[in-house]
Amino acid sequence: VRAMATSLLEAGKRSWKMPEFIAPLTLEAHEKQGDHDTSPRPISTPELVTVIETGVSLILFGEGGIGKTTFLLELCSSCFSAGSRIPLFVDAALWGRANTSLLEYISKRSSAIANGVTVDELTKLAEAGRLVVMLNGWNEVPASLKLACLEELNQLSVAADSLGIVVVSRSSSDVPRLPNTRRVEVRGLTWDGQSAVLRAELGDVGSAPLLVLLAKNTHLRHVTRSPLILRGFIAQARRGDASYSSVFDLLGATVQAFEEDDLRTLVLSDSPVDGHSREYLEELACQLTQKRTIYCSKNDALQFIHAAATQLAERRLIGAPPQLAPILDLLVSHHLLHLDDGVVRFAHQRFQEYFAATRLLRNCGDDGVSPAILRATINQPAWDESFALIADKLKGDRSSAAARTRIVTVGLAIDLGRACDLAGVCGFSDADNSELHRHLVASVNELASSPLYEVRDIGVTYQIAS
């Protein structure tokens, strides 16, 4: 079982695909006693291993890309070296898709079969308190499958009440309700951790101006607590650009640095991809987001690639649509797609959100794109993170007034509150479109001056949001 667990952990590390930093990551975590706890206490990985040993379950939560998976992988490794429980790293979305019990799903993994591990053996170890299941990415389980997963976890926690369970999610509210649970917020890299990574990657001289910039720019220091975003910040610095524009640009720098590896550059520029990897990945990201999921079958992925290839052919960027399977294989082996048990997904949900946002950004700036296309996405919560990325990028950019006007106009056609949210995030102002701005202000002020408290409260909320 330990050999199987080691294989599961290594598979989790490989699926990330990003090269490791030279310096070890120092991630910050704080235990919260409840949703209204204003002073959560810092807690270390060794402390959490001790907590797990007592049979207490954990909820690890934090914003997208903040380092939750990295933290969980570190916790798994620490359990191996310092604990008596065997940690089993499980991708929650893949388990949910399998439509089977949790322990049965683990027993059917190739590493379990290779090591002769059976569901009966796992059940006995779970009942004896010798296991801790590490469920990564609970927020990525589709809503249609969550109920069945919740019921299975409830039954398992009753049947094997000594089993330890650690669940990772973006939100502390989007988690299973398990007995005897403690909640820990993962906050990303500490200041010392950021400094150590920058010095190790760029040297004392190269890192000095970046550390000064981080010390002065609170927002930048906050977003680069994410190892993923910090990687993009370092990539920009290596190209001679130490300024900060947006999280969208930093994610783009991360992707570009990944693509510019010498071997990947050669492979991605050659047949069958021919330099169009981003078009294929954009189509995959948009199709997955539209379907409100983060994975698809291999056959569905091939259909999405076919759609992208058809569009490229229509634009005369390629000849006849190429063979599809080699393109998918190459995007998995040399880009940011991951294939596991016939399931295709991005190496990180943040990459899916980035590639979907890339197409949205073009649509926002293209007058030829029907407003109905934007309206269909802006009204779907699945697109919220991608819209947040492009709104942040549009903020403060003088050349993006038309794009800001476009998304606020589309938002207003749906709901005044949605328009106010978008206006606030993208920095929409009177200078962008004075007529639209006056209309927004008048509509919000009318609500805020209502004699009805409930309506007035909504109006003030919209004022704050915008």
Side-chain angles (χ1 to χ4, degrees), residues 8-17 58-73 76 87-112 133-153 156 165-176 178 186 228 281 284-301 304 328 331-332 336-356 381-386:
L8 291 175
L9 177 58
E10 291 304 315
K13 292 178 179 178
R14 286 196 303 273
S15 68
W16 173 220
K17 292 203 172 188
L58 296 175
I59 300 296
L60 304 181
F61 66 97
E63 59 193 65
I66 202 65
K68 298 184 298 294
T69 298
T70 301
F71 191 86
L72 186 65
L73 291 170
C76 277
L88 304 178
F89 187 88
V90 177
D91 187 312
L94 293 183
W95 165 51
R97 187 176 187 274
N99 192 28
T100 186
S101 72
L102 179 55
L103 296 183
E104 186 176 353
Y105 168 75
I106 296 172
S107 71
K108 290 181 178 179
R109 302 289 290 168
S110 58
S111 56
V133 176
M134 307 281 197
L135 274 177
N136 188 44
W138 178 263
N139 57 285
E140 297 175 357
V141 179
S144 59
L145 301 176
K146 265 185 182 163
L147 181 59
C149 292
L150 286 169
E151 290 177 351
E152 159 60 15
L153 283 179
L156 184 59
I165 301 176
V166 178
V167 179
V168 173
S169 184
R170 282 191 174 183
S171 168
S172 62
S173 60
D174 181 19
V175 291
L178 300 170
V186 180
L228 193 58
L281 293 172
L284 277 160
C286 289
Q287 291 283 359
L288 291 174
T289 304
Q290 189 62 31
K291 295 176 184 296
R292 300 187 296 278
T293 185
I294 52 90
Y295 61 77
C296 65
S297 68
K298 188 173 181 180
N299 286 337
D300 284 345
F304 302 153
L328 178 58
L331 293 176
V332 169
L336 292 168
L337 287 187
H338 181 61
L339 177 63
D340 188 0
D341 281 355
V343 176
V344 178
R345 63 190 298 176
F346 282 86
H348 195 287
Q349 187 176 352
R350 210 67 172 128
F351 292 129
Q352 177 179 324
E353 292 161 354
Y354 167 76
F355 281 109
W383 290 88
D384 283 354
E385 291 295 333
S386 294

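Heavy atoms only: backbone and side chains are in, while hydrogens, waters and symmetry mates are out.
Looking at L288 and I294, their side chains never come closer than 4.5 Å, going by heavy atoms from C-beta outward. L135 is listed as a side-chain neighbour of L153, based on a closest heavy-atom distance under 4.5 Å. Between F61 and S173 there is no side-chain heavy-atom pair separated by less than 4.5 Å. The side-chain heavy atoms of F355 and F346, taken from C-beta on, include a pair separated by under 4.5 Å. Taking the side chain as every heavy atom from C-beta outward, V168 and T69 never approach each other to under 4.5 Å.
Between A356 and A285, the shortest heavy-atom distance links the atoms N-CB, 3.6 Å. Nearest heavy-atom pair, F89 versus G12, reported as atom, atom and distance to 0.1 Å: CE2-CA, 3.8 Å. Nearest approach of W138 to P176, heavy atoms of both residues: CE2-CD, 3.6 Å. Counting all heavy atoms, side chain and backbone alike, A112 lies closest to S107 at CB-O, 3.4 Å. Shown here for C149 and G96, the closest heavy-atom pair between the two residues is SG-CA, 3.6 Å. Nearest approach of G62 to K68, heavy atoms of both residues: O-NZ, 3.0 Å.
Summarising the geometry, atom CG belonging to L88 is positioned 8.5 Å from atom CG belonging to L102; distances are rounded to the nearest 0.5 Å. Taken from CG in L339 to CG in L331, the straight-line distance is 11.5 Å, to the nearest 0.5 Å. Rounded to the nearest 0.5 angstrom, N136 CG and L72 CG are separated by 5.5 Å. With rounding to the nearest 0.5 Å, the separation of SG in C296 from NZ in K291 is 9.0 Å. The distance from atom CG of L284 to atom CZ of F351, rounded to the nearest 0.5 Å, is 15.0 Å. The distance from atom CD of E140 to atom CG of L94, rounded to the nearest 0.5 Å, is 9.0 Å.
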Assess whether side-chain contact (heavy atoms from CB on, under 4.5 Å) is satisfied between L328 and L337, documenting all intermediate values.
CA-CA 9 Å; L328 178 58; L337 287 187; 4.0 Å; yes

Give the intermediate values and the outcome of salt bridge (Lys or Arg N to Asp or Glu O under 4.0 Å) for residues D91 and R345.
CA-CA 12 Å; D91 187 312; R345 63 190 298 176; 2.3 Å; yes

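For the residue pair R109 and Y105, a side-chain donor N or O sits within less than 3.5 Å of a side-chain acceptor on the partner. Donor-acceptor pairing under 3.5 Å is recorded for the side chains of Q349 and N139.
Electrostatic pairing of D174 and K146 counts as a salt bridge here, judged by a charged N lying under 4.0 Å from a carboxylate O. Checked for salt-bridge contact, D341 and R97 miss the test: no charged N lies under 4.0 Å from a carboxylate O. Remark: K108 engages E104 in a salt bridge, criterion side-chain N to carboxylate O under 4.0 Å.
Using a distance-only test at 3.5 Å, with no hydrogens or angles considered, a donor-acceptor pair links the side chain of W95 to the main chain of T100. Not a single donor-acceptor pair under 3.5 Å links the side chain of T289 to the backbone N or O of C286.
Atom CG of D384 is surrounded by more than 12 heavy atoms from other residues, nucleotides or ligands within 6.0 Å.
Under the side-chain hydrogen bond (donor to acceptor under 3.5 Å, both in side chains) test applied with R350, the options E353, H348, Q352 reduce to a single match, E353.
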